[in-house]
Amino acid sequence: MMIYRLNALTDNYIFLLHDPQTGTAAVVDPAEPEPVLAKLAELGATLTAIFNTHHHWDHVGANRALRSRFPNIEVYGSREDQGRIPEQTVFLSAGDRVPFGEHAFEVLFVPGHTRGHIAYYGPVTGDLFCGDTLFGGGCGRLFEGTPAQMLESLNQLRQLPEQTRVWCAHEYTQKNLSFALTVDANNPALQERYAQVCRDRTQGKSTIPSTIGVEKATNPFLRCEVNTIQAAVGATTPLQTFTRLRGKRDQY
């Protein structure tokens, strides 16, 4: 299975999965149709599925156009998002499995950013498509969920193997790490990552995918138990730390 990262809108990523043996493709969170159609034409591939992580317009904006072009495709999304994802045909819950090519993705329920947010995890390929739950160096805003829900969702992702590749849906890493340095300034891994990300962005390079191991070492939202971070935000528990971190990041 090949994974292609497609730029969309201002800072969105669409991920196109391609199975060369069958010539089929699936797309994760298609914000707009043009990049998807162009890549399909380049590959000579047929779209068979859309994997949506949540209902926000910048993740489902191409659903109707793509299903109009490929009327037999399945459109996967959370059961909690029924009626909110255009053209949805399959309604998923935690523990469900979604097939693609020779592999299958496990569905993880990760609310917080929205009430129905899900992620797709490939245990064989080691790939995680997490939408707006976990970002490079950060996490999603809380639009429909609670701090406790988001912290639980992040802790769930934190338990995945460290080599798991994190394919998040926005290029926010540089600003996220800039914020992280305000609460975790003496973290050498964070300092090194931020310097590398700044170099990469200057050259127009993407920072995605990351890995779970890198995020555990440098992402403050996965380090809410660290005493120095707790002290930096004046908190004493992981939940209090997360809540204050999220509030500070919202204002950063």
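Across all their heavy atoms, Leu142 and Met150 have their closest contact at CD2-CB, 3.5 Å. Residues Ile118 and Gly77 approach most closely at CD1-C, 3.9 Å, considering heavy atoms. The minimum heavy-atom distance linking Phe135 with Ala169 is given by the pair CE2-N, 4.4 Å.
Here Glu225 pairs with Arg158 under the salt bridge (charged side-chain N to carboxylate O under 4.0 Å, His left out) rule; sequence neighbours left out. Applying the side-chain contact (heavy atoms from CB on, under 4.5 Å) criterion to Ser210, with sequence neighbours excluded, gives Val166, Arg193, Val214, Glu215. With sequence neighbours excluded, the residues satisfying ring-ring contact (aromatic ring centres under 6.0 Å, His included) with His56 are His54, His113, Phe143. Phe15 is linked by a ring-ring contact (aromatic ring centres under 6.0 Å, His included) to Phe129, Trp167, counting only residues two or more places apart in sequence or in another chain. Under the ring-ring contact (aromatic ring centres under 6.0 Å, His included) criterion, Tyr76 pairs with Phe51, sequence neighbours left out. Ala148 meets the side-chain contact (heavy atoms from CB on, under 4.5 Å) test with Thr146, Leu239; sequence neighbours excluded. Looking at residues two or more places apart in sequence or on another chain, you find no salt bridge (charged side-chain N to carboxylate O under 4.0 Å, His left out) involving Glu34. Every ring-ring contact (aromatic ring centres under 6.0 Å, His included) that Phe179 has, sequence neighbours left out, goes to Tyr252. Partners of Glu42 by side-chain hydrogen bond (donor to acceptor under 3.5 Å, both in side chains), not counting sequence neighbours, listed by chain and number: Lys39.
We find the NZ-CD distance between Lys248 and Gln251 to be 10.0 Å, quoted to the nearest 0.5 Å. Rounding to the nearest 0.5 angstrom, the gap separating the OH atom in Tyr121 from the SG atom in Cys130 is 12.5 Å.
With Thr164 contributing its side chain and Gly126 its backbone, the two residues share no donor-acceptor pair below 3.5 Å. In terms of modelled atom types and a separation under 3.5 Å, the side chain of Asp11 and the main chain of Tyr172 share no donor-acceptor contact. Checked by atom type and distance alone, the side chain of Asp132 never pairs as donor or acceptor with a backbone atom of Arg141 at under 3.5 Å.
The local environment of CZ in Arg69 is sparse, with at most 12 non-hydrogen atoms from other residues, nucleotides or ligands closer than 6.0 Å.
Paired with Ile50 under the rule side-chain contact (heavy atoms from CB on, under 4.5 Å), one option of Val36, Ile85, Leu66 passes, and it is Leu66. In summary, of the residues considered (Asn186, Thr182, Asn187), a side chain to side chain donor-acceptor pair (under 3.5 Å) with Asp184 occurs for Asn187 alone.
Hydrophobic cluster membership of Leu9, counting Ile, Leu, Val, Met, Phe, Trp and Tyr whose side-chain heavy atoms lie under 4.5 Å apart directly or via other members: Trp57.
No chain of hydrophobic side-chain contacts below 4.5 Å, direct or via other Ile, Leu, Val, Met, Phe, Trp or Tyr residues, connects Leu181 to Val226. Hydrophobic clustering, with ILVMFWY side chains joined whenever heavy atoms are under 4.5 angstrom apart, keeps Leu16 apart from Tyr13. In this structure, Val183 is not a member of the same hydrophobic cluster as Leu177, with clusters built from ILVMFWY side-chain heavy atoms closer than 4.5 Å.
Side-chain contact of Thr207 with Glu171: a donor-acceptor pair under 3.5 Å is present, judged by distance alone. Side-chain contact annotation: Thr89 with Glu74, donor-acceptor N/O pair under 3.5 Å present.
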Which pairs would a plain distance check flag for residues 228-238, meaning a side-chain donor or acceptor within less than 3.5 Å of a matching protein atom at least two apart in sequence or in another chain?
| unit_1 | atom_1 | unit_2 | atom_2 | d |
| --- | --- | --- | --- | --- |
| Gln230 | NE2 | Cys224 | O | 3.0 |
| Thr236 | OG1 | Gln240 | OE1 | 3.3 |
| Thr237 | OG1 | Gln240 | N | 3.1 |

**Asked** Passes side chain to side chain contact (heavy atoms under 4.5 Å, CB included), Val90 versus Asp96? Steps please.
**Response** CA-CA 11 Å; Val90 182; Asp96 287 343; over 6 Å; no
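Residue pairs meeting the salt bridge (Lys or Arg N to Asp or Glu O under 4.0 Å) criterion with at least one partner in residues 118-128, sequence neighbours excluded, are Asp127-Arg165.
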